[in-house]
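Nothing here was measured: the structure is a model prediction, and the numbers come from that model. Excluded from the calculations below are hydrogen atoms, water molecules and symmetry mates; all remaining heavy atoms, backbone and side chain alike, are included.
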Amino acid sequence: MDRTRTVAGVALMGIFMCGLFTCQALPLLAPFQAAQEYGTALLFLGALATGFLFGMLTPSIANGIFAGFASIILGLVLAGFMLALPALLGIAGQLGMISEVAFERALILGIMLTPISAVGTFIGVLAQNQSIRTVSW
Amino acid sequence: MNNEHARRSRTVLIIMGFLAVCSVGLTWSTVKNYLGASTAAAKFRSTVSAVTCRQEDSKYTIEIDLSFENRSEWNLSVTAVRPTVYLDGQYVWGRNYDWLSNPLELPGGSERDIVLEIEVPDTKTEVVARGKEAWSIRVSGLLDMPRLGTKLFATKAVIPLERGNE
């Protein structure tokens with residue numbers, strides 16, 4: 001049951017991270033001014049929130065960190081697919097829409113976001129333990 | 001205790017679902033703009049129309065006629081171009097044109113023709129002299145686009161050579 005919930009959580013948070021990665025990669029095409037100006041900050045907050053929610057969902061810190069990492073990777077893969085859509089649909093013409101730099105930047109961001117997500121997991125687990133203690137008392 | 005855990009898990013999953021739904025809307029909106037911008041970007045075209053080889057004092061100069069066509073509504077600019085010449089499948093030479101400080105402007109709906117010159121170095125004159133007419137040209141460059149940033153474009157052409165004053 002826990003594993004099913006974790007897998008569902010990874011899928012949902014992967015979709016969530018995909019939106020943030022896409023906005024961060026294409027800031028001028030994002031629909032909101034905030035997403036245009038604070039795309040990277042939103043991404044970091046998103047990773048923290050992802051870790052926190054996994055900390056609340058899973059009983060162990062290791063599972064939470066792994067689930068956060070899996071969500072970030074899933075988000076990156078989905079965002080990569082979104083960015084490659086013009087090339088995949090054949091509407092890019094002579095232009096190269098997929099750049100290696102964007103891929104490398106996304107990879108670096110993914111590596112940077114994992115520890116942030118881990119911090120979120122610690123906070124989540126602490127909050128979970130706190131709430132258990134409050135209920136027990 | 002178990003009930004408490006299950007209830008909390010359900011709440012967390014509901015929050016995750018809400019965030020995912022919001023994110024789908026955000027992604028959809030951004031990707032729709034992205035596809036629109038890409039469709040407009042695809043209306044840019046570069047074509048190699050002719051290649052001429054001139055010989056002056058045993059030095060060869062290759063001239064490439066390149067035309068840019070911008071059928072989109074956007075004002076685009078080309079910031080760099082690199083033509084590369086191959087003869088009988090063998091690399092001859094290339095040259096970088098860097099126009100970053102003074103980009104080649106392409107207003108919406110405009111066309112522009114330019115001539116790129118490549119001076120063949122002494123080490124390659126033999127290749128050009130011995131070569132047949134199977135010339136192929138590859139032109140790559142950087143296109144600066146509003147909202148999408150800088151994008152790489154590339155065009156290839158196999159063109160019959162016009163030998164100049166040989």
ask   = When only heavy atoms count and the cut-off is under 4.5 Å, which of residues 18-29 of chain B reach chain A?
value = B:L19, B:A20, B:S23, B:V24, B:L26, B:T27, B:S29
request  = Determine the option with the most heavy-atom pairs under 4.5 angstrom with chain A, choosing from B:L143, B:T11, B:L13.
outcome  = B:L13
ask   = CD1 of B:I14 to CG of A:L12: how many Å apart, nearest 0.5 Å?
value = 11.0 Å
key: Joint hydrophobic cluster, A:L109 plus A:Y38, side-chain heavy atoms closer than 4.5 Å   = no
Over 12 foreign heavy atoms within 6.0 Å of CD, B:E117 = yes
ask   = Heavy-atom distance under 4.5 Å between the side chains of A:M56 and B:I15, does that happen here?
value = no
query = Would you say B:Y91 and B:I64 are hydrophobically clustered, going by side-chain heavy atoms of ILVMFWY under 4.5 Å?
reply = yes
Minimal non-hydrogen separation, B:S9 against A:L57, with atom names = O-CD1, 3.7 Å
ask   = Considering heavy atoms only, which positions within residues 110-125 of chain A lie below 4.5 Å of chain B?
value = none
ask   = Are B:M145 and B:W99 co-members of a hydrophobic cluster defined by side-chain heavy atoms under 4.5 Å apart?
value = yes
query = At their closest point, which heavy atom of B:N33 faces which heavy atom of A:L29, and how far apart are they?
reply = ND2-O, 2.7 Å
task = To the nearest 0.5 Å, tell me how far A:T50 OG1 sits from B:M16 CE.
result = 7.5 Å
request  = Please state whether the side chain, the backbone, both or neither of A:F54 comes within less than 4.5 Å of a heavy atom of chain B.
outcome  = both
key: Shared hydrophobic cluster for A:M82 and A:I15 (ILVMFWY, side-chain gaps under 4.5 Å)   = no
inquiry  = Tell me the closest heavy-atom pair linking B:V12 and A:L53, and the distance in Å.
reply    = CG1-O, 3.4 Å
task = Please check if atom CZ in A:F69 has more than 12 non-hydrogen atoms from other residues, nucleotides or ligands closer than 6.0 Å.
result = no
query = A:L74, A:F66: one ILVMFWY side-chain cluster at the under-4.5 Å cut-off?
reply = no
ask   = What is the minimum heavy-atom distance between A:L83 and B:Y34, and which atoms define it?
value = O-OH, 2.7 Å
inquiry  = If I measure from the heavy atoms of chain B, does A:L89 come under 4.5 Å with its side chain, its backbone, both, or neither?
reply    = side chain
